[in-house]
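Below is one structure, written out as structure tokens; the observations come after it.
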Amino acid sequence: MEKMSFLPENPHPGANVVTESQVIAAMKTAGLLPTAAPSAIAAGLSNQFALMKRYYPSIPLDIEPMSHAVELYAARA
Amino acid sequence: MMALNSMTIADASDALNRREISCVELVGAVLAQAKAINPIVNAFVRIDEELALAQAKVADILRARGQTLGPLHGIPMAYKDMFHRAGLPSSYGTTVKATVPERSATTLSRLDAAGAIQIGALNMSAFAVGPTGLNNSVGNCLNPWNTERITGGSSSGSGAAVAVHAAFATLGTDTAGSVRLPAAFCGVTGLKPTYGRVSRAGVLPLSTSLDTIGPLARSVKDVALVMNALAGADVFDAGSAHVDVPDYVRRIDEPVRGLRIGVPTNFFSEGLDPEVRQSIDASLQVLKDLGCEIIPVSIPDLSAADAAAALIVSCEASSLHQEMMREQRDGYTVQFRMRMERAFSTPAPTYLDALRFKSIELARFLKEVFTKVDVLHAPVAPCLTPTVAESNTESGDRLDEIVGRLVKFNRPINFLGLPALALPVGFSSDAMPLSMQLIGRPFAEQELLRLGHAYQTATDWHKQFPALARQDK
């Protein structure tokens with residue numbers, strides 16, 4: 001798997017790396033044949049997760065997943 | 001008089017009110033153009049000639065009785081083929097078997113009530129996935145300025161039909177640039193409203209957390225006229241915002257002097273084609289001449305936001321499509337399947353983290369950008385209009401690169417939920433349109449439209465049209 005240059009900044013090394021075997025298992029569970037190579041899917045996902053993971057520690061516990069963020073901030077403005 | 005199908009909505013509405021033209025004549029002219037150009041650009045997947053003319057006759061009768069419904073009364077429009085119309089199946093840009101909806105989309109019902117007349121359904125990327133706009137299932141929609149170039153997508157037909165004067169305005173959807181990219185590459189004006197500003201009810205979803213719906217037209221004022229009919233809360237859309245809706249036209253002529261325009265010193269200014277940079281700089285000078293204050297501003301790193309947005313789209317779209325992907329795999333493009341497959345290996349907590357990250361990023365962006373400026377000024381795409389040949393990849397080898405290049409300046413704005421107005425700012429040396437986007441605070445569409453209208457009052461880029469738009473082609 002391609003080594004990402006930002007991985008050393010990851011506060012939880014290894015926690016967000018997806019493996020090829022995990023991808024194959026997940027596709028099997030979904031009942032779908034992979035179009036892309038499982039190794040490519042794993043590399044792409046690991047990249048995405050690592051990018052986001054850099055910011056995880058800064059998300060407070062009281063932030064909920066929601067769609068209405070813009071409405072909330074417009075009301076506060 | 002200008003060809004009927006080449007007028008703006010505002011001018012056509014005035015001509016109808018003065019009884020200089022009839023709705024039947026107006027709709028007939030647009031239908032004739034749609035039928036003439038469709039074998040060339042493939043913007044329409046369906047042209048509703050009989051139905052549209054029947055509605056035009058009714059519109060003329062109502063007008064004769066003094067029962068005019070407003071500025072859109074009798075105006076021919078067309079919609080991306082994922083807006084449900086009761087009794088008519090939508091193709092979603094695919095060959096999969098879709099059900100026939102019992103109820104029309106809220107947006108279509110609102111435009112019906114405002115008097116607009118649907119003349120057909122428009123081509124699009126399959127299931128609204130694909131910023132190139134290309135479609136190997138129902139045939140590519142081609143750019144009216146040069147049919148060897150892409151239209152941009154996913155609302156390909158929505159951009160092309162307006163550019164070629166085969167509709168006064170169209171509707172598109174925008175989850176990662178799907179209104180702004182076709183507006184930019186086809187040289188028309190398009191608005192991606194704030195998340196929640198326009199109802200998505202009755203429109204095929206792609207990503208319920210990021211989807212927005214917006215109009216494309218030949219001027220900012222026409223976009224404002226359509227927005228007046230579209231905007232507002234809807235009980236049928238759980239993401240609909242309960243925020244007051246202004247009259248987008250009433251204050252459109254007010255001066256923009258003193259408005260603070262933010263010019264990004266990073267991210268949106270990186271990797272630009274020299275011709276894009278030149279046109280963007282020139283558009284900034286116009287805004288400066290209009291009395292706007294130009295302020296350089298550093299943009300927060302949006303790479304994490306973009307990664308989170310891509311993850312959300314794949315998770316939500318795969319949830320919607322996985323059953324049909326199992327049953328009708330061949331109905332799905334390689335491009336679509338590849339982007340959805342990542343979702344099956346994404347843990348649910350990671351998806352929810354991406355959604356939690358959304359409000360954190362929005363707060364950061366508002367604080368670091370919109371406390372310093374009123375509007376952010378940026379290109380829609382860093383590159384010139386790609387060719388069909390270089391974009392038409394089903395192998396997947398260059399898919400991420402092409403998608404990444406086209407959505408780079410767009411998808412993060414969807415993640416933040418902010419409104420953005422795309423409008424023409426010039427032409428490249430190979431005669432293709434170039435565009436800027438004006439990005440605003442949540443629900444600041446009125447401000448963006450005012451600024452865009454001021455720009456179009458000072459320039460005539462939006463009045464240029466391709467040779468295919470001429471009636472004597």
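Throughout, a chain's letter reflects where its sequence line sits, starting with A, and its residues are numbered from 1.
- Between chain A and the options Ser359(B), Ala363(B), Gly196(B), heavy-atom pairs under 4.5 Å are most frequent for Ser359(B).
- In this structure, Pro34(A) and Phe344(B) have side chains that are not in contact, with every pair of non-hydrogen atoms separated by 4.5 Å or more.
- The shortest heavy-atom contact between Leu416(B) and Val70(A) is O-CG1, 3.2 Å.
- The stretch residues 409-418 of chain B participates, sequence neighbours left out, in these salt bridge (Lys or Arg N to Asp or Glu O under 4.0 Å) pairs: Asp306(B)-Arg411(B).
- How far CD of Gln48(A) is from OG1 of Thr346(B): 7.0 Å, rounded to the nearest 0.5 Å.
- Among pairs with a residue in residues 22-35 of chain A, none fulfils salt bridge (Lys or Arg N to Asp or Glu O under 4.0 Å), at least two apart in sequence or across chains.
- Phe443(B) touches chain A through its side chain: at least one heavy atom from C-beta onward sits under 4.5 Å away, while N, CA, C and O do not.
- More than 12 heavy atoms of other residues, nucleotides or ligands shown are found within 6.0 angstrom of CD on Glu270(B).
- Interface remark: Leu210(B) contributes no atoms to any contact with chain A (heavy atom separation under 4.5 Å).
- The list of salt bridge (Lys or Arg N to Asp or Glu O under 4.0 Å) pairs with a residue in residues 33-52 of chain A, not counting sequence neighbours, is empty.
- Contacts with chain A (heavy atom to heavy atom, under 4.5 Å) involve these residues of residues 231-243 of chain B, listed by number: Ala238(B), Gly239(B), Ser240(B), Ala241(B), His242(B), Val243(B).
- Distance OG/Ser314(B) to CG/Leu45(A): 7.0 Å, rounded to 0.5 Å.
- Shown here for Met52(A) and Leu311(B), the closest heavy-atom pair between the two residues is SD-CD1, 3.9 Å.
- Looking at Leu352(B), the atoms closer than 4.5 Å to chain A (heavy atoms on both sides) sit in the backbone and in the side chain alike.
- Of the possible donor and acceptor atoms, one in the side chain of Arg326(B) sits under 3.5 Å from a partner among the backbone N and O of Ala30(A).
- In this structure, Leu32(A) CG and Tyr332(B) OH are separated by 10.0 Å, a value rounded to the nearest 0.5 Å.
- Rounding to the nearest 0.5 Å gives a distance of 13.5 Å between OG1 of Thr35(A) and CZ of Arg339(B).
- With hydrogens and angles disregarded, no donor-acceptor distance shorter than 3.5 Å links the side chain of Glu341(B) to the backbone of Ile41(A).
- Of all heavy-atom pairs spanning Leu51(A) and Ala304(B), the tightest one is O-CB, 3.7 Å.
- Heavy-atom distances place the backbone of Gln22(A), and not its side chain, under 4.5 Å from chain B.
- For Arg356(B) (side chain) and Ile63(A) (main-chain N/O), a donor-acceptor pair under 3.5 Å exists by modelled atom type.
- A donor-acceptor pair under 3.5 Å links the side-chain atoms of Arg329(B) to the main chain of Leu33(A), judged by distance alone.
- In terms of heavy-atom proximity, Val18(A) sits nearest to Ser345(B) at CG1-CB, 4.3 Å.
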